[in-house]
Every structure is written in C-alpha cells, then in structure tokens.
Amino acid sequence: MELSGYLRILRAHWIAIVLFTLVGGASAFGWALIQPKVYAANASAIITTGVSGDLGSALVGDNYAKSRVKSYLNVAESRSVAQFAIDKLSLSATPEELIARISVTNPNDTAVLEVTAEGPTPEESRDLAETWIAGMIAQVTTLENAGAATTTPAPTDGTATPVTPPTESIVKLQTLDSAVLPTTPSSPNTRLAIAIGLLLGLIVGVAYGFIRNVLDRRIRSTDTIEKEFGLAVVGTIPFDRNFSDTNRLVEHASDLAYGSRTSDDDAVAEAMRELRTNLQFMDIDNPPRVIVVTSSLPGEGKSTLTANLAVTIAASGQRVIVVDGDLRRPTVAKAFNLLPGVGLTDVLIGRAEVQQVLQPWGETGKLLVMGAGALPPNPSELLGSNAMHALLLELSKQAIVLVDAPPLIPVTDAAILTARSDGALIVASAGKTTVDALDKSLQNLARVNGHPLGVILNRVPRRGAGGGYYGYQYKGEYSARDDAPKLSPDGVEHHAGRRTTDARGTAHELPVDLSEQQFSFEDLMKGGAGAEVNR
C-alpha cells in the first residue's frame, strides 16, 4: 500500500481515531484521580576521610572515600538501616516494606549517597528520609570502628601494662543535605498519565482503522471492483441529498430542461453525461441496444439511476425507452410521475398494444416510458417468455431500451432478462454493497450466460475521505447556471421530471383510458402525435 492509501484510511476513520484518543486520555485522567498520592523527599550524605595536611594526602583521601562509597550502597538499603528507621519512627511496616519505599543512589565520581524516601504525606516522607540518613550514619560508624579499641596483654612478671586508647576510623559518613518538605505529590504524575493515555488511545484508534479497512468487505472504491472482478466501472454517481421517494429525477438532468438547480443536481447530471458517453463508446461497431439495469440487493438506487440515465440519453437527441421489468416492486412510473397500472404485463398477455402503454415524458419527445402494469403471480415466466424477447427486439429497432430489473440475488428475474439482452449494468452502492454480494450477482449472471457490461458505483460521497477515495469530485463552478424558467414555443412552462403546466398552473395529464389513443408506434418514435399527449 502506498502512502496515499494509508492517509485515505486515516481520513476515512478519523472520527473513530479521535474518539479512541480522547477516551484514552480521559481514562488515564480518571486513573490518576483514583490513585493514592505519594510524596517524595530527598536527603543526602557524604563520606569523608578526615583532615589532610597536604595535597597528596587530600587526593589519596578523596579516592579512598570514593572507593568506600560503593561498598556502602548495599549498606544503605540493608535491613539493619530499615529496622533503625522503624524503631525511631515507631512504624508498623516490615523492613522489606520500608526498603521498597527507599531509593539510594551514588552520583558518578562522587562520595555522596542520595536518599529518596516516599510516603503518603509530605511529613512522613521527609521524616523517613532524614531518619534513613541517620540510620546509615550509625551503621557506617559501627562497621568502620568495629575492633578499633584494643588492650595490650599483661606481662608475665605480673606488672600492669597501660591500656592503649581506642583508635577511630578516619572514614566517616556525614549529613550533606537534610530533607525538605515536599509541596506536590510525585505520584501519580497526572500530566504524564494523560499523555500516555492519549498516545495509547491514538495507537488503538489507528489500529482499529486499519483492522476495519482489512475486514470491511463493502465496496469503497472503483479500484476494488476492477481488481476483484476485472470489470470496468463505467460510471460513478455522487450522492444527491435532493432525492426522495417523490423526487427521483435530477433537475436539469436534461440539457433542455429548466428549473431550479443545486450543486448536488449538477454533480449527478454531469456524472450521468459521463455515463452516457461511456456507454456510447463501449462498443462502437455494435453498441448495446437493450440494456438491463440491476443491482445485487434492493435499495441500491438502480431505478433512480435508470430514470436519470434515460433522461440524459434523451437529452442528447437519441430515442430511449424505459421498460419497468421489476414485476415485483415496480417504481418506474412513480419516478417519472406517470400513470401506473398499465404497462409491460398488459402487452405480454395480449391485453394491450405497445403503442397503448408507452407514455411520452418530457419536452424532447425522445423519451418513452413503459410501466410494469398489473403485478403477475409468475414474474420470472413472463420475463423469460418469447413474447418478452420479441417485445425487446421490436423496441430496440427504434430506440435504446433500458430495462429496470429486480435485484440479482433475491430473485432470478434480472438474470433471465440479461440473457435476452445485450448485457447488464450492475449498480453498486458505495459503502453498502459488499464484495461478496457483487460476486454472487456475477455468478448468477454467469449461470445463464448473461453478459455484464460494467458496474456503476452509485451514491459516491462528494466530500471528505470518500470523495478522494473514489476519484470523483465535482466542481460546480464549471457548469453554467440558469435558474429562470423558460417557455417553449407553445407557451407552456416546462420543468424536468414534472407534469407540464400552463401559465394558470393547470396540470396536463395523460387520459385515463390509454386504449382510446390511436397512434402508431412509428409516430411515437418520431415524436409525433404521441409526444403531444404529455403537453
């Protein structure tokens, strides 16, 4: 992984990393609050070798003191000194417990012994440090003067011999610096604890981000699709906050539509144009005419994408027909705000002709919509019938056919439709569709020899780590804006994705009985009589 990959992971999980860091710091602060306070007092002593009359003697004495101090480091931490302190201070602790509270060090190239004593109160730590120095002095004095006093043996003639005075050792341990009452506790060190807690929290947060990235099976980049499956990503559609159950079409997705625009709409419209261009160059010699649009699971935005792609293709001057092939949960008619209840199933069972159920949409006259019709009990059989194949073949002679199909994993309808078409566009929702789900979808297509044309990555974040991750960022300032409504030559104000209204606000809808409309299929393709129905 390159450096940019690591940075991308950190950006994607920065909230979790910050939370873990703060939790680590807060936990360390809480730990510091509940810990007992410990105070430390310092005192020191120095070993001397008496008075020297000349420089040579002084040097010898100094070297001798430095050599002796090494021997007394162990004495300073002995049980005898601890017992001396226990007796003097009337402590209830054992010598071992008291030694654990004492630290004795010897600075390099000196004859000094430094004592650090710890206690629960400032007074107790100070008293313990001074008493420990006193105990060390007593112990050193005892050791240095042991056997110093001797008596000369009496002569054999019985006369008394004078006693030789005792000789004291020239090596002495003296107090150098008495203990000072500490003002602040030495432990716990709250600042250090918080710093360590923040550091540990940061490490845990970063580890969490990388583990999540490794275990996360959701598709988050076009690179994942291309590397895992070897399929081309023919389009990346950014997330649009304006989409809802009642509004699924992008304002100004058509180059000829008018109305209010937002940056989200502009981004999706531009992405749709890019997708349209990619489809045109997919196979120049034999471009696909019947395209199934499906997804792995419900809720990945295939129907909305189909509707907006159809509007974009029609805006380029090409004829396009949208067929609602989802005979279980049809939504195409609702997306275009057209009359439901009549459509594909009526044609397949011979109850209606094609021209009776095709509903024109928009002002270009290039877009026709065929709803699902009445929901049948056997959707798979109808979609796999010869009548369905013949219908798609007939429609493809005059227009590009986009079939909105059910998801591939729950049912087999989409796979059956793909086998009778030029291929399928599989919609994957960024951050939702998993690698396993897409793999299962491709396997279902392979079983019926269906041809996947490519994958469309939908709902791509436009900002933050996701925007950079998917390689798509839209710059709205490059698009011209025109928020003013405009009138067509017939004096009717038009809005993309809406029923047209005249100057008085009267809506123009399709007649309820479509069978009364007698116009030919060729007229519909030319934008003739049938195209006037929605005006």
Side-chain angles (χ1 to χ4, degrees), residues 221-223 225-226 229-240 243 248-257 261 263-295 300-323 361-368 396 398-404 418 421-430 451-460 462 467 470-482 496-497:
S221 72
T222 57
D223 292 339
I225 299 173
E226 294 170 351
F229 307 103
L231 285 176
V233 177
V234 296
T236 54
I237 313 301
F239 179 77
D240 193 333
F243 284 160
R248 300 190 179 188
L249 296 179
V250 178
E251 296 289 346
H252 273 234
S254 168
D255 294 333
L256 302 179
R261 295 167 72 169
S263 60
D264 283 7
D265 290 337
D266 286 338
V268 176
E270 186 63 29
M272 286 295 173
R273 296 187 189 101
E274 182 181 352
L275 174 58
R276 176 186 67 191
T277 303
N278 291 340
L279 291 177
Q280 291 172 346
F281 287 94
M282 187 170 292
D283 189 345
I284 298 177
D285 296 329
N286 187 25
R289 300 289 292 178
V290 180
I291 301 173
V292 173
V293 183
T294 182
S295 61
E300 294 180 328
K302 62 176 182 59
S303 299
T304 301
L305 189 145
T306 302
N308 284 288
L309 177 59
V311 173
T312 307
I313 293 175
S316 68
Q318 301 180 76
R319 300 187 182 96
V320 58
I321 298 176
V322 179
V323 177
W361 186 92
E363 62 275 8
T364 64
K366 300 293 184 179
L367 174 58
L368 300 172
S396 65
Q398 299 293 334
I400 297 175
V401 181
L402 298 180
V403 183
D404 179 37
T418 304
S421 68
D422 294 327
L425 292 174
I426 304 175
V427 179
S429 182
H451 175 56
L453 297 175
V455 178
I456 301 174
L457 193 58
N458 194 25
R459 297 169 180 166
V460 176
R462 297 177 57 212
Y470 304 125
Y472 181 97
Q473 287 185 337
Y474 177 78
K475 303 300 182 183
E477 59 267 28
Y478 293 147
S479 299
R481 298 182 64 89
D482 185 1

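Below, each value reflects all heavy atoms present in this structure, side chains not excepted, and no hydrogens, waters or symmetry copies. Source: prediction; values computed, not measured.
Considering CG of L309 and CG of L279, their distance stands at 6.0 Å, rounded to 0.5 Å. Residue I284 holds its CD1 atom at 12.0 Å from CG of N286, rounded to the nearest 0.5 Å. In this structure, the separation between OG1 on T294 and CD1 on I456 is 11.0 Å, given to the nearest 0.5 Å. Atom CZ of R459 sits about 15.0 Å away from atom OG1 of T236, to the nearest 0.5 Å. Put simply, CG on L457 and CD on E300 are 10.5 Å apart, with the number rounded to the nearest 0.5 Å.
Inter-residue side-chain proximity for I313 and L402 is flagged as met; some heavy-atom pair is nearer than 4.5 Å. Within the 4.5 Å cutoff, the side chain of P238 has heavy atoms near those of the V268 side chain. Using a 4.5 Å cut-off on side-chain heavy atoms (C-beta onward), W361 and L249 make contact. You'll find the side chain of T304 stays beyond 4.5 Å of the side chain of N458, heavy atoms only. A heavy-atom distance below 4.5 Å is not found between the side chains of L425 and L305. A heavy-atom distance below 4.5 Å is found between the side chains of L453 and P288.
Checking V323, I291, V320 one by one against V401, the side chain to side chain contact (heavy atoms under 4.5 Å, CB included) holds for a single residue, V323.
Of all heavy-atom pairs spanning Q318 and Q280, the tightest one is NE2-NE2, 2.7 Å. Closest approach of A310 to V322, counting heavy atoms only: CB-CG2, 3.2 Å. Among all heavy-atom pairs drawn from K366 and G317, the shortest one is CE-O, 3.7 Å. R276 and T312 get closest at one heavy-atom pair: NH1-O, 2.7 Å. Across all non-hydrogen atoms, the minimal contact from T418 to G423 is CG2-C, 4.1 Å. Across all non-hydrogen atoms, the minimal contact from G301 to V427 is C-CG1, 4.5 Å.
Take D404 and apply the side chain to side chain donor-acceptor pair (under 3.5 Å) test, not counting sequence neighbours, and it matches K302, S303.
With hydrogens and angles ignored, the 3.5 Å screen pairs a side-chain donor or acceptor of D422 with a backbone N or O of V290.
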